[in-house]
Amino acid sequence: MTELQAGQGAQPLKVPRIDARPQRYRDVLIALVAFVLLALLPFIFGSKQLLDFVIRCAAYGLFATSLNLLVGYTGLISFGHGMFFGLGAYGFGLMMQKTGVAIPVAFVATLAMTFVVAIVIGAICVRLKEIYFAFVTLAFQMLIHSTILSWQSLTGGDQGLRGGIPRPPFLGIDLSNHLHLYITSCALLVIGLFLMRQIAQSPFGYTLRMIRDNATRASFIGIDVWRAKLVIFVLAALFAATGGMIMALFVSGAYPEFAYWTISGEGIFINMLGGVTTFLGPMVGTVLLLILNDTVTRLTEYHGIVLGVVILFFAIGLRKGLMDFVVEWFAQRRGEGRG
Amino acid sequence: MIPVDLDALASCLASPACLVTQTTSGLIIGMLLFLVAVGLTLIFGVLKVVNFSHGAFYMFGAYFAMTAYQLTGSFALAILSGAVGTAILGLIFERVFMSRVYGRDVLMQLLVCYAFVLIFDDVVRMIWGPEFRSMGMPAAFQVPPLFIAGGVVPPYYLLLIGVALAAAVVLGLGLARSRIGKVIRAAAHNPGMVSALGINTGLIYGGVFALGGMLAGLAGALAAPVRSLTPGMGFSVLIESFIVTVIGGMGSILGALIGALLIGLIRSFGSLGFPLFTEGLMYLFMVIVLVSRPTGLFGKEVA
């Protein structure tokens, strides 16, 4: 049978039209429930430590999830994503210290600045492949880090932005109040995650998955791979900058470590820990890493060894992230139940 | 703005004494970097992994040398133990851990190395303590410096440059001419075929990793008398040797040499003109090279 004959009896493939709306409603519902639960937390447990923990989770979680848009969804292993975290923190802090504009204005202005920087850096980086992309993003990260260190008159050099970030109240929200800061961080986290989820589930999100799996094929069917990669690079940068801004508000300052490559390394590690195949994997990874860091630092001064062994356990032992493992385990169990 | 002192740079370039001093200091930075970077590039060329923990071997080399020197008082033994110790470490590390992640995605390989960066730094902290240590200049080199055209050149620097150059020549000739060199190049090209011909590729991989570790350890041991030793000292060297390999082209020995010398000179002269932005200059240079030639100056186009 020739190929022509083989095709004759076949039915034209029916493409099921997926209505995205129910899923979007479900996401909105989950986001609302999550926000309400987080907002109720301070009224159930008054512990300041717990609230601090959640704020840090919000900052790192936004950063790590945005990195997953690059690593997990598009296959772009960025080793310099932390530069946007640092840029957000410094941009926001400087804007508040030097100009004294309202917080929402500084927020939007910092996003606009990140947008411009990300377009320039992204346009240069995304045409490189795999390991070279990782290197050049790392180089840009270190370039920004050195600039922050050496531009002492503006950034305070290795001392960081000191003197605190002014937090004038706006619209009845006073971010120098711990509870208000907490609620705002949670709101930013939930909104950020919701938006990223919509990006990941959109047709554009599926284009990214296709680029990850087979970029050549994607470009053959008419997708502008370079542009799609650039768009997700810039979008991810905006969410990372938001995480940086939460961090700057939380510590009331910005430090060169925020722009150091280790932030990017931690982001990659968080993704690995939680798993890159599920949307919430990086969020789980963030919580795990922060808990791990906090407990290990309290127990021993040699936390590098403990952290290293945990990484080895995931990388060589489990060979996947925690959420990947859990999802597969459930899928297997369901399969066994049926069979 | 970023402080710039072009006058200092110009006046140095105009004076032969300053030129000699800065060039020698650039050369020793470059030569040490070359020893680290060439191991990195060799491991990448043959094993196709980026050894992110390579800086740790440099660190161990320095600490091994210091301990051996304090125990025996012999400088030659110190250098030898730095090199041999790290070679053994490299072999074990490759056979037990790295060999499990070949062919897996880059992320996993980087993570395993990242884990060992953390572990090795803490091991050093446990054994040798967290404070700065120094080995001290061996007695044989505690002689007055040479003056070349008015510039100061410590004799130890000459030894350092000589050893690194010798390593470059031996390595280059060995890979190009010797039987083992040919087998290694064949394994880099087509490991499946090499193993089908009855050659133990696992042994080659382990050997290349040990060789790379040994070169980094040698660099650490040579650097021990002139640098201060601290846990985490490998990291800045690692980042710089990354820049070197990326600029020179991953997998190219000549590229590593040229890249290392360029970075060394950028560092020594850049510190005059851009005292706070010296590192920034290196990254800037790397960005420029990568953007214009993604595979580096001497890298081959990979399909």
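Naming convention: chains lettered A, B, ... in sequence-line order (proteins, then strands); numbering from 1 in each chain.
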Query raised in the report: With only heavy atoms counted, which part of B/Val117 is less than 4.5 Å from chain A, the side chain, the backbone, both or neither?
Result: neither

Report summary line: Honestly, the part of B/Phe285 sitting under 4.5 Å from a heavy atom of chain A is neither

Requested in this report: State, to 0.1 Å, how close B/Tyr283 and A/Ala139 come at their nearest heavy-atom pair, and which atoms those are.
Outcome: CB-O, 3.8 Å

Query raised in the report: Can you find a pair of side-chain heavy atoms, one from A/Ile305 and one from B/Met126, that are under 4.5 Å apart?
Result: yes

Report task. Could you look at A/Ile124 and say if it's the side chain, the backbone, both or neither that has a heavy atom under 4.5 Å from chain B? Result -> side chain

Report task. Locate the shortest heavy-atom distance separating B/Leu118 from A/Gly308; write the atom from each residue and the value. Result -> CD1-N, 4.3 Å

Query raised in the report: What part of B/Phe242 is in contact with chain A, defined as an atom under 4.5 angstrom from a non-hydrogen atom: side chain, backbone, both or neither?
Result: side chain

Requested in this report: Test A/Leu307 against B/Ile119 for side chain to side chain contact (heavy atoms under 4.5 Å, CB included), laying out the working first.
Outcome: CA-CA 8 Å; A/Leu307 217 57; B/Ile119 293 174; over 6 Å; no

Query raised in the report: Should we say atom CZ of B/Arg100 is surrounded by more than 12 heavy atoms from elsewhere, each under 6.0 Å from it?
Result: no

**Report entry** Interface moiety of B/Val112 toward chain A, non-hydrogen atoms closer than 4.5 Å
**Finding:** both

Report task. Go through the steps to decide whether B/Met286 and A/Val136 satisfy the test side chain to side chain contact (heavy atoms under 4.5 Å, CB included), and finish with yes or no. Result -> CA-CA 8 Å; B/Met286 171 173 167; A/Val136 81; 5.9 Å; no

Report task. Calculate, to the nearest 0.5 Å, the distance between atoms CZ and CG belonging to A/Phe269 and B/Leu110 respectively. Result -> 13.5 Å

Query - Inter-residue atom distance B/Met282.CE - A/Leu143.CG, 0.5 Å rounding - result: 10.5 Å

Query raised in the report: Do the non-hydrogen side-chain atoms of A/Leu312 and B/Phe116 ever get within less than 4.5 Å of each other?
Result: yes

Requested in this report: Mark yes when over 12 heavy atoms from residues, nucleotides or ligands other than A/Arg227 sit less than 6.0 Å from its CZ; otherwise mark no.
Outcome: no

Query raised in the report: Checking heavy atoms, do the side chain of A/Val71, its backbone, both or neither come under 4.5 Å from chain B?
Result: side chain

**Report entry** Approximate separation, where rounding is to 0.5 Å, of A/Phe79 CZ and B/Phe52 CZ
**Finding:** 5.0 Å

